[in-house]
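Structure, as structure tokens:
Note that the coordinates shown come from a computational prediction; the quantities given were computed from them, not determined experimentally. Numbers restart at 1 for each chain; the letters A, B, ... are given by sequence-line order, proteins then strands.
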Number of protein chains: 2
Amino acid sequence: MYNPDRTDLEILRLLEQDGRMSHKVIAQTVHKSITPVHSRISKLEKSGFIRKITALINPKLIGRGLTAYTQVLLKVHSQESLENFIAEAVKIKEVMECYHMTGTFDFLLRITIRDMEAYNELLLKQLSNLPAVAQMQTFFVISEAKYETAYFNTV
Amino acid sequence: MYNPDRTDLEILRLLEQDGRMSHKVIAQTVHKSITPVHSRISKLEKSGFIRKITALINPKLIGRGLTAYTQVLLKVHSQESLENFIAEAVKIKEVMECYHMTGTFDFLLRITIRDMEAYNELLLKQLSNLPAVAQMQTFFVISEAKYETAYFNTV
DNA sequence: TCTGAAAATGAGGCGGC
DNA sequence: GCCGCCTCATTTTCAGA
């Protein structure tokens, strides 16, 4: 759809660093004027390279301090069964990520929630009602050593 | 540090939706004028509620189409051993997330990389050199059914 | 903490190269 | 595809309540 050159990738890197960096500052950094920077960002957005510009919130400060990863194994692996599970899992607002996986289980869920008590309730009332589940195994995050959404910024 | 009220949380919700939403639009939505919106956002940033405003990039379009989750078990669980592992793991740029976990393994890594060939090389040259690893097990993402960073937006 | 307004900065569009 | 200019919108600061 759009074939980004080195300048485009540099712009992506800068916007990963700061999604509100001004076009002027970007232009100075990539050694172009504001106009091409502007049009390149438009193209990068329209073509889907930039999925979204968003504020990343600290979950601990807003009562979502507990993160769980849950592995799910289904009873049957028909297309219908897989699609049903996905349709229900993604509706749960505490389920932030849901992946269909290779290997010994079928799905991996990232769940963020207030605390263990709230998790208990989520488990009883929502997770346990997900369709066609054969087995679920949950691991909790003790500490976050790294969380990075930026692909272009070297650590 | 800072105790956000309902208006602050509403502002967070809007900035999760669109990190570049103008203060004017935010002000209209939360029924305040621009000045308090401005000062609230400053406070939310300084106090760490907003970790960062960033562009989320589509990894598939920039040659990072393969995502792996790797579970790591260490040989020894001394503080030194844990810290050593973390220090080395977070240096690897393909390791986007690294968590210390409860349960039958110690760490969970999220790895994004070009393709399986590149993963093979990463495994041989970097992952296999991580210190004090007893066991590693990797699962690959077949498809992403949900990826959400916004805590306040109901699905 | 809020309102309203002024000053500074940025965005987005146009003609020309 | 780039530059410089122009106009409008937005951000940011300030006085005052």
Side-chain angles (χ1 to χ4, degrees), chain A residues 1-64 148-153, chain B residues 1-64 148-153:
Chain A
M1 190 171 180
Y2 176 58
N3 193 20
D5 63 11
R6 187 161 303 186
T7 301
D8 290 304
L9 298 181
E10 179 75 359
I11 291 173
L12 289 179
R13 189 180 71 77
L14 295 169
L15 288 177
E16 280 186 329
Q17 238 173 67
D18 176 3
R20 286 175 310 184
M21 188 176 288
S22 75
H23 295 183
K24 184 181 169 189
V25 172
I26 294 172
Q28 286 164 351
T29 309
V30 304
H31 305 295
K32 291 269 185 311
S33 72
I34 291 174
T35 310
V37 166
H38 182 71
S39 88
R40 281 162 183 269
I41 291 176
S42 294
K43 282 179 199 159
L44 290 168
E45 287 178 333
K46 279 180 198 134
S47 56
F49 281 84
I50 298 173
R51 306 213 293 197
K52 153 181 228 189
I53 294 190
T54 188
L56 297 178
I57 308 301
N58 186 337
K60 284 179 197 162
L61 299 181
I62 54 161
R64 297 285 282 276
E148 185 57 73
T149 58
Y151 295 100
F152 290 110
N153 291 304
Chain B
M1 191 171 181
Y2 176 57
N3 194 19
D5 63 12
R6 189 160 302 188
T7 300
D8 289 304
L9 298 181
E10 179 73 358
I11 291 172
L12 289 178
R13 189 180 71 76
L14 294 169
L15 287 176
E16 282 186 328
Q17 239 172 66
D18 177 3
R20 286 174 308 185
M21 188 177 288
S22 77
H23 296 185
K24 186 181 168 189
V25 171
I26 293 172
Q28 287 163 351
T29 309
V30 302
H31 306 294
K32 292 269 185 318
S33 69
I34 292 175
T35 310
V37 167
H38 181 72
S39 89
R40 280 162 185 268
I41 291 175
S42 294
K43 281 178 199 159
L44 290 168
E45 286 178 334
K46 277 180 198 132
S47 56
F49 281 82
I50 298 173
R51 306 214 292 197
K52 142 182 239 193
I53 294 190
T54 188
L56 297 178
I57 307 300
N58 186 336
K60 285 179 196 162
L61 298 182
I62 55 161
R64 298 286 282 277
E148 186 57 73
T149 59
Y151 295 100
F152 290 111
N153 291 304

Nucleotide nearest A:S22 when distance is taken to its side chain, options C:dA11, D:dT10, D:dT12: C:dA11
Note, B:R13 side chain near B:Q17 side chain (heavy atom, < 4.5 Å): yes
Value in whole Å for how far the C1' atom of D:dT7 lies from CD1 of A:I34: 14 Å
Rounded interatomic separation in angstrom, taking CG from A:D5 and P from D:dG1: 9 Å
Aromatic plane relationship, B:F49 with B:Y2 - under 30° parallel, 30 to 60° tilted, over 60° perpendicular: perpendicular
Proximal nucleotide (of C:dC14, D:dT12, D:dT10) relative to the B:H23 side chain: D:dT12
Residue B:R40, side-chain heavy atoms: nucleotide from C:dC2, D:dC2, D:dT10 that is nearest: C:dC2
Closest heavy-atom pair and its distance - B:E16, A:A55: CG-O, 3.6 Å
Nearest non-hydrogen partners of B:P59 and B:I57, listed with the distance: CD-O, 3.1 Å
Side-chain donor/acceptor of B:T35 to base of C:dG4, under 3.5 Å: yes
Heavy-atom pair with the smallest gap, counting every atom of A:L14 and A:V30: CD1-CG1, 4.1 Å
Nucleotide nearest B:P36 (side chain, heavy atoms from C-beta), chosen from C:dA11, D:dG1, C:dT3: C:dT3
Nearest-Å distance for atom pair CD1/P, residues A:I41 and C:dG13: 13 Å
Euclidean distance, atom CZ of residue A:R20 to atom P of C:dA11 [Å, nearest integer]: 12 Å
Rounded distance in Å - CD (A:Q28) to C1' (D:dC3): 15 Å
Separation of D:dT11 C1' from A:K24 NZ (nearest whole Å): 13 Å
Interatomic distance where CG belongs to A:L44 and C1' belongs to D:dG1 [whole Å]: 15 Å
Any A:K43 side-chain N or O less than 4.0 Å from OP1/OP2 of D:dG1: yes
Separation of D:dT11 P from B:E45 CD (nearest whole Å): 12 Å
Shortest side-chain distance from B:K32, nucleotide among C:dC2, D:dC5, D:dT10: C:dC2
N or O in side chain of A:H38 less than 4.0 angstrom from C:dA11 OP1/OP2: no
